[in-house]
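Have a look at the structure below, then the notes.
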Amino acid sequence: MGWDAFGLPAEQYAIKTGTHPAVTTRANVATFRKQIQALGFSYDWDREVDTTDPGYYKWTQWIFLQLFKRGLAYQAEVPVNWCPALGTVLANEEVIDGKSERGDHPVVRMPMRQWMLRITAYAERLLGDLEGLDWPEGIKAQQRTWIGRSEGAEVDFAIDGGLGTLRVYTTRPDTLFGATYMVIAPEHALLDAITTEEQRVAVQAYVTQARSRSDRDRTDDSRAKTGVFTGRMAINPSTGAPIPIWVADYVLGGYGTGAIMAVPAHDVRDFAFARAYGLPIRQVVSRDGVPQAEPLEQALTDDGIAIDSGAFSGMATAAFKVAITAWLAEQRIGERKVNWKLRDWVFSRQRYWGEPIPIYYAVVDSAGAPLPAGALQPGDVARLLADGNVRLLADNPIAVPESELPLVLPETDDFAPTGNPEPPLAKCHAWRFFVQDGVWFARETNTMPQWAGSCWYYLRYLDPKNDAALASREAIARWLPVDLYVGGAEHAVLHLLYARFWHKVLFDCGVVQQSEPFQRLVNQGMILGEDGEKMSKSRGNVINPDAMLQVFGADAFRLYEMVMGPLEAVKPWATAGLHGTRRFLNRVHALFDKPVVDAPADDATLRALHKTIAKVGDDTRELRLNTAIAAMMSLLNELVRMAALPRAVAEPFVLILAPYAPHLAEELWQRLGNSESLAWQPWPAHDPALCEDDTVEIPVQVNGKLRSKLTVAKDTPLAELERLALADVQVAKWTADKVVAKVIVVPGRMVSVVVK
RNA sequence: GCCGGAGUGGUGGAAUGGUAGACGCGGCGGACUCAAAAUCCGUUGAGCUUGCGCUCAUGUGGGUUCAAGUCCCACCUCCGGCACCA
């Protein structure tokens, strides 16, 4: 059991009430632990972990240092959501339509120094290794989309006026002849240089407007595309034709080169833009070598046959791509290029309640000289820093030695925002500033995001008390990889991608021996409210497990959750269904009021028992918990008919029931005279011979319709089955004045007669 | 729009290409009870016959097959995810 207890909710509650997040966390953990224990899960509580425990986050920090040493953790200027009114930086989910979720205050995007993790360095492996994983196709597909590999080419376009070249990325280099204009993103570095004097005012106005637009607005597909001509022309290298360079925010600064060649005839976005601004549209791909009638209704984005493309005309798209990429390389104006949508991971948060990042910086004066210890106190250094008399060597981060981990979060009662974009830890002067070798240093004040602790917790389960390593080599060798990971689909990309990334880094560090952490993944479906809608307080359809436990008991509750339907399915709660599982348990209990006898069970009962043992075993392994329970219900329906209960039936029945209804099963086990818990009993064995019946019912079809059933010995020969089928009274009615054309006999299964 | 998943009785859901509706919930009838609840027994897809039976039925329309809920093609609806990524 693990508590992922750092993060926003505890911190926000702390700011609101003044209660330290550690206190809230402790109380919440105690409540949850009690609830979970009441359900009777077989967790190994000796392996309980808590991401906020310094003994745990020591290793979260240790992993960060490994990332840092490998150049996978670095600093960059990244925009954050700064809310002046609240005096704090907000997470993306706290910002709605450019306003803070709390209080509806304006939020501005401002650049800030952040720690980043270079997950992009692992993009290729994160994509490729999905192949071998036993995961739901949907999750794999989501990860592939998120990683977003695309193949294409980069191409240089000469800018008119001797301004050098503008490089674009395209996945359709074969449409180069159809590029009739170019677009660069508003944040493109060359925009200023490209813009002509006549257009400068218009372009600057557009850029300002684009910047104020939230990401959400910018990516709203339904919004009409906007843009402004920069005044500058470029040269299409394939045709030599001058084409205008526009600036438009439908081109993203952060992807590819931040500039595109626009081919309106063969790209829906370029088509819409060209239409809106009256730009030329030139067809260069056709379905069959013949251009479509103009004006075009829409862009033709499919592959096809090149037209009007110089020497390349007539080529199929795939071949053309190869040919033109080679030509571009030859001309030294382009090359093949693979691009990824995946971005590096912003790894710092301006929060108190998270793992401190184990990094510090030298404090230097305006001349760059170290600040000697002197008689200064940490508070004095803070003041010097605030007044600009000293600064931090932010470009030279220094790792906290591993031997000094954990770097513990300072005790404080002031975890409120600082009122400026600095994290709350900046206010903990005595923690932040320290003297080493006679000069001052300052610690990093950003903390890690909540993902950090949950990225690797499965490793800590292996060896949760180990103080010398995150887990011993023996424990890692013994347990990994995780053979079954059950989790919600909401973690499809972020958590599962981050965890895979860290695991691969640890693999490269030699800490773990497999490159993937979770071999098999199953997504349990969400339980909806009784109204079929997502449970939510505002909707008032929330089911409180505690109340259900009170009324129906833990076993009935567990059983109901399992019998509702397939584990993966999203399904609505129905309290009425709980009556069914409770009734089942009552009936099991009543069954044991019958005398338990040592006499052997009759053949039919024995067969039913063994079939059930086999089915419950198979279904449990395959996580078909609903049908496993149904099978036990069926068996019970047989057993209640008996006057006495043979021990040889009662004991295995209790044992297969135990994983599903442990409380009742344990009680019945004791009533059977056992003093030791059934937890130490092996799964009961089933006799395959008893799982097959001697006589079977064979359906007989005539022309595909069921007409009769034969009850015959299991191993009745084919010829005999055919004879019996044709002799059957019911079958004869349908074959009477017809010709039997064919008889298909599937032994033990079915007889199918075809008549004409 | 793209990707993934799902459409089966009144209802939750079962069904290696081989007897559609297992097992529940609910309903109906009966037993017990003064009565109700609980419990137990029976019954329960629709329709026709109320006889042995027959016809229809797994979102829609085609197809493959002796045989299709299951496989193939086209489409509809719902859920989840992504979405100006060139």
Side-chain angles (χ1 to χ4, degrees), chain A residues 136-146 148-150 152 168-173 175 179 183 185 218-223 225 248-252 254-263 266-270 272-273 301 339-343 489-490 492-493 523 525-526 528 532 534 559-560 563-566 568-581 583-584 586-587 590 624 626-637 640 697-710 729-730 733 741-746 748-755:
Chain A
E137 201 39 56
I139 301 289
K140 287 208 226 179
Q142 280 184 57
Q143 291 216 349
R144 284 192 199 104
T145 309
W146 193 262
R149 183 182 195 274
S150 75
V168 303
Y169 171 69
T170 177
T171 54
R172 292 295 300 274
T175 60
V183 184
R218 248 186 93 162
T219 59
D220 183 356
D221 213 4
S222 58
R223 192 174 65 89
K225 292 181 177 28
D249 66 2
Y250 81 90
V251 170
L252 308 174
Y255 181 78
T257 62
I260 62 158
M261 63 178 209
V263 186
H266 306 291
D267 180 282
V268 291
R269 299 152 300 186
D270 298 343
F273 191 79
T301 56
N339 249 317
W340 304 85
K341 282 195 233 174
L342 186 69
R343 308 294 164 81
E490 67 274 18
V493 276
N523 291 128
M526 192 176 22
L528 305 173
K534 210 169 185 166
L559 231 30
Y560 175 63
V563 88
M564 285 171 85
E568 300 88 343
V570 176
K571 40 209 179 248
W573 179 268
T575 303
L578 261 168
H579 290 286
T581 53
R583 201 173 292 160
F584 167 66
N586 285 348
R587 283 172 22 114
R624 293 187 300 244
N626 51 334
T627 50
I629 294 167
M632 289 188 279
M633 288 176 165
S634 295
L635 177 63
L636 176 69
N637 289 341
V640 291
E697 200 179 43
I698 302 288
V700 183
Q701 289 181 354
V702 179
N703 284 0
K705 288 193 191 293
L706 177 72
R707 296 304 181 189
S708 186
K709 294 168 188 178
L710 306 171
V729 182
Q730 294 300 336
K733 283 193 351 199
K742 193 152 98 171
V743 180
I744 295 150
V745 183
V746 184
R749 273 265 163 232
M750 138 95 47
V751 178
S752 187
V753 182
V754 186
V755 298

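In what follows, every heavy atom counts, from backbone to side chain, and hydrogens, waters and symmetry copies are set aside. Letters go in sequence order (proteins before strands), and every chain restarts at 1.
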Taking side-chain hydrogen bond (donor to acceptor under 3.5 Å, both in side chains) as the test, write out the residues that go with W573(A), two or more places apart. T575(A)
Expressed in whole Å, how much space separates the P atoms belonging to A86(B) and A6(B)? 28 Å
Under 4.0 angstrom, heavy atoms only, what part of the nucleic acid is A574(A) near: base, sugar-phosphate, or nothing? nothing
Which heavy atom of V754(A) sits nearest a heavy atom of N703(A), and at what distance? CA-OD1, 3.4 Å
Can a donor-acceptor pair be found, under 3.5 Å and without considering hydrogens, that links the side chain of Y560(A) to the backbone of A574(A)? yes
Which heavy atom of K225(A) sits nearest a heavy atom of A272(A), and at what distance? CD-CB, 4.5 Å
Find the distance E137(A):CD to G5(B):C1' and express it as a whole number of Å. 11 Å
Is there a side-chain contact between Y250(A) and the phosphate of A86(B), meaning an N or O under 4.0 Å from OP1 or OP2? no
Could I get the full list of salt bridge (charged side-chain N to carboxylate O under 4.0 Å, His left out) partners for E490(A), not counting sequence neighbours? none
Rounded to the nearest Å, what distance is computed from the CE atom of residue M261(A) to the C1' atom of nucleotide A86(B)? 9 Å
May I have the distance from E568(A) (atom CD) to G13(B) (atom P), rounded to whole angstrom? 13 Å
Determine: side-chain N/O of T627(A) to OP1/OP2 of G13(B), distance under 4.0 Å, yes or no. no
In 5'-to-3' order, the base (B), backbone-only (S) or no-contact (-) status of each nucleotide in nucleotides 50-67 of chain B, using a 4.0 angstrom heavy-atom cut-off, is --SSSSS---------BS
Below 4.5 Å, heavy atoms only, C-beta onward: do D267(A) and T175(A) meet side chain to side chain? no
Under 4.0 Å, heavy atoms only, any strand: does A141(A) hit a base, just the sugar-phosphate, or nothing? sugar-phosphate
Hey, which sits more toward the 5' end of RNA chain B by its nearest nucleotide, A630(A) or R624(A)? R624(A)
Please report the distance, rounded to the nearest Å, between CD1 in I139(A) and P in C79(B). 19 Å
Just the dot-bracket of RNA chain B, please: which string comes out with Watson-Crick or G-U pairs under 3.5 Å, [ ] for crossing, | for another strand? (((((((..(((.....[....)))((((((.......))))))((((....))))..(((((..]....))))))))))))....
Quick one: label P566(A) by what it contacts on the DNA or RNA (base, sugar-phosphate, nothing), any heavy atom closer than 4.0 Å. sugar-phosphate
Work out how far the C1' atom of G7(B) is from that of G12(B), and round it to whole angstrom. 15 Å
Nearest-Å distance once atom C1' is located in both G9(B) and C23(B): 15 Å
Check whether any side-chain heavy atom of K341(A) lies under 4.5 Å from a side-chain heavy atom of T145(A), and answer yes or no. yes
Minimum heavy-atom distance L706(A)-P699(A), with the two atoms named: CD1-CB, 3.5 Å
If I take atom CG in residue N637(A) and atom P in nucleotide A22(B), what distance separates them, rounded to the nearest angstrom? 12 Å
Which label fits F273(A) and Y250(A): parallel for a plane angle under 30°, tilted from 30 to 60°, or perpendicular past 60°? tilted
Using the C1' atom on both, measure G59(B) against U70(B) and round to a whole Å. 15 Å
Give the nucleotide from the list C23(B), A14(B), C25(B) with an atom nearest to the side chain of A576(A). C25(B)
Take the protein atom CD of E490(A) and the nucleotide atom P of C82(B), then report the distance between them rounded to whole Å. 12 Å
For G5(B), measure the glycosidic angle (O4'-C1'-N9-C4 for a purine, O4'-C1'-N1-C2 for a pyrimidine) and name it syn if it falls within 90° of 0, otherwise anti. anti
With C1' as the reference atom in both, quote the distance from C32(B) to U50(B) in angstrom, rounded to an integer. 32 Å
Distance, C1' atom - from G17(B) to C71(B), rounded to whole angstrom: 8 Å
Please evaluate the base of U16(B) for a donor-acceptor partner in the side chain of R749(A) within a cut-off of under 3.5 Å? yes
Salt bridge (charged side-chain N to carboxylate O under 4.0 Å, His left out) against R144(A), all qualifying residues, sequence neighbours excluded: E137(A)
Is any side-chain heavy atom of T301(A) closer than 4.5 Å to a side-chain heavy atom of H266(A)? no
Base, sugar-phosphate, or nothing for T581(A), non-hydrogen atoms under 4.0 angstrom? nothing
The reported gap from OG1 in T581(A) to CG in N586(A) (rounded to nearest 0.5 angstrom) is 9.5 Å
Restricting both atoms to N or O, compile the protein contacts to nucleotides 38-41 of chain B shorter than 3.5 Å, with distance only.
residue: U39(B); atom: OP1; partner: R583(A); partner atom: NE; Å: 3.4

Which nucleotide in the set U19(B), C84(B), A86(B) lies at the smallest distance from any side-chain heavy atom of D249(A)? C84(B)
In whole angstrom, give me the gap between the P atoms of G69(B) and G63(B). 15 Å
From NZ of K709(A) over to C1' of G18(B), roughly how many Å is that when rounded to an integer? 13 Å
Taking the same atom, C1', in U44(B) and in C78(B), what whole-Å distance lies between them? 29 Å
Has N626(A) got a side-chain N or O lying under 4.0 Å from the OP1 or OP2 atom of G12(B)? no
Check for a donor-acceptor pair, side chain of D270(A) on one end and backbone N or O of V263(A) on the other, with a separation under 3.5 Å. yes
Considering all heavy atoms of both residues, which atom of T257(A) and which atom of Y169(A) are nearest to each other, and what is their separation? OG1-N, 3.5 Å
Expressed as a whole number of angstroms, how long is the span from M564(A):CE to A14(B):C1'? 16 Å
